[in-house]
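First up is the structure itself, then whatever we jot down about it.
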Amino acid sequence: MNESFKALADPTRRQIIRLLREKDRTAGEIADYFQMSKPSISHHLSALKHAGLVQDERKGQFILYSLDTTVLEEVLGWFLELTGTGKGSAPDHLPEEDGKRQHNHSNSEVE
C-alpha cells in the first residue's frame, strides 16, 4: 500500500487516474492532456503501474492503459476503517490506546 500512497501523492498521477476513470487510453492520448514530454508521462504511468493502480495491454502497435480499482478499493477500505465506517473497522475503544488517551486527556486539562 505504501507504493500506492507514493504514487497518489503526485498531482499528475491523480489526474491520469481521473482520465482513466472515464475510459481506457493510450499513453499518447494521456499525454495530450498535459504540457510535459511523453517520456515524463511514461514515467508517471510506470509509477502507477508499479503501484498496482494501472494496467496496460498491448493492442496492435499501441499500449492501452486502464484503471485497476483493486488497489484503490484496498486503500479506500483502509481509510474507511480509520473513520470507523468501513467493513471490519476497528472498535472505537482500543485497549492499547488507553494510556495514550488518558495521558493526552489529562495533559489538556492541566492549567
Side-chain angles (χ1 to χ4, degrees):
M1 198 177 327
N2 288 341
E3 288 298 321
S4 301
F5 285 118
K6 184 178 174 182
L8 292 169
D10 186 281
T12 299
R13 294 179 191 148
R14 291 193 304 269
Q15 184 59 35
I16 290 171
I17 287 173
R18 285 184 193 100
L19 290 170
L20 293 176
R21 184 181 63 198
E22 296 170 4
K23 68 175 192 171
D24 298 350
R25 301 174 191 266
T26 66
E29 290 172 329
I30 293 167
D32 290 342
Y33 286 88
F34 299 93
Q35 293 183 346
M36 63 177 63
S37 69
K38 289 188 179 184
S40 293
I41 293 297
S42 291
H43 171 75
H44 286 296
L45 287 168
S46 177
L48 288 167
K49 185 178 170 190
H50 179 72
L53 297 167
V54 166
Q55 297 177 359
D56 62 353
E57 180 183 353
R58 182 163 290 284
K59 295 278 186 176
Q61 61 180 333
F62 298 102
I63 297 176
L64 195 62
Y65 291 89
S66 61
L67 189 60
D68 184 346
T69 58
T70 306
V71 173
L72 287 174
E73 289 169 359
E74 181 183 329
V75 170
L76 181 57
W78 182 80
F79 276 118
L80 291 174
E81 283 180 23
L82 284 179
T83 64
T85 58
K87 185 170 85 173
S89 61
D92 291 337
H93 186 71
L94 297 175
E96 63 270 12
E97 292 182 355
D98 282 347
K100 291 179 186 175
R101 285 187 184 167
Q102 289 173 354
H103 180 70
N104 290 339
H105 181 66
S106 62
N107 282 345
S108 64
E109 292 182 354
V110 175
E111 295 182 34

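All figures in this text were calculated on a predicted structure; none of them were measured in a lab.
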Can you list the residues that meet the salt bridge (charged side-chain N to carboxylate O under 4.0 Å, His left out) rule with K23, with sequence neighbours excluded?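 Scan of K23 (salt bridge (charged side-chain N to carboxylate O under 4.0 Å, His left out), adjacent residues dropped) gives none.
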Could you work out, with salt bridge (charged side-chain N to carboxylate O under 4.0 Å, His left out) as the rule, every residue matching K49, not counting sequence neighbours?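 Only D56 meet the salt bridge (charged side-chain N to carboxylate O under 4.0 Å, His left out) criterion with K49.
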[atom1] of [X] to [atom2] of [Y]: how many Å apart, nearest 0.5 Å?
X   : Y   : atom1 : atom2 : answer
K38 : D32 : NZ    : CG    : 6.5 Å
L53 : E3  : CG    : CD    : 10.0 Å
L48 : K6  : CG    : NZ    : 12.0 Å
L80 : E73 : CG    : CD    : 11.5 Å

Which atom pair, heavy atoms only, marks the closest approach of A7 to R13? O-CD, 3.2 Å
L45 versus A27, closest heavy-atom pair with distance: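 Distance-wise, the nearest heavy atoms are CD1-CB, 3.8 Å.
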Are V54 and L72 connected into the same hydrophobic cluster when the rule is that any two of I, L, V, M, F, W, Y join if their side-chain heavy atoms are below 4.5 Å apart?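 Yes, because L72 and V54 connect within a single hydrophobic cluster, where side-chain heavy atoms sit under 4.5 Å apart.
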Could you name each residue pair satisfying ring-ring contact (aromatic ring centres under 6.0 Å, His included) that touches residues 2-37, not counting sequence neighbours?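 Counting only pairs at least two positions apart or across chains, the ring-ring contact (aromatic ring centres under 6.0 Å, His included) contacts touching residues 2-37 are F5-W78, F5-F79.
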Give every residue pair that meets the ring-ring contact (aromatic ring centres under 6.0 Å, His included) criterion with at least one member in residues 43-64, sequence neighbours excluded.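 Matches after skipping sequence neighbours: none remain.
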Test item: E29 side-chain N/O and T26 main-chain N/O as donor-acceptor pair under 3.5 Å: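 It does hold such a pair.
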Name all residues meeting the side chain to side chain contact (heavy atoms under 4.5 Å, CB included) criterion together with S40; count only those two or more places apart in sequence or in a different chain, and write none if there are none. M36, S37
Under 3.5 Å, sequence neighbours excluded: what are the donor-acceptor pairs made by side chains of residues 14-21?
from: R14; atom 1: NH1; to: L8; atom 2: O; distance (Å): 2.8
from: R14; atom 1: NH1; to: A9; atom 2: O; distance (Å): 3.0
from: Q15; atom 1: OE1; to: R18; atom 2: NH1; distance (Å): 3.3

Any side-chain heavy-atom pair from I41 and I30 closer than 4.5 angstrom?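 Counting from C-beta outward, I41 and I30 do come under 4.5 Å.
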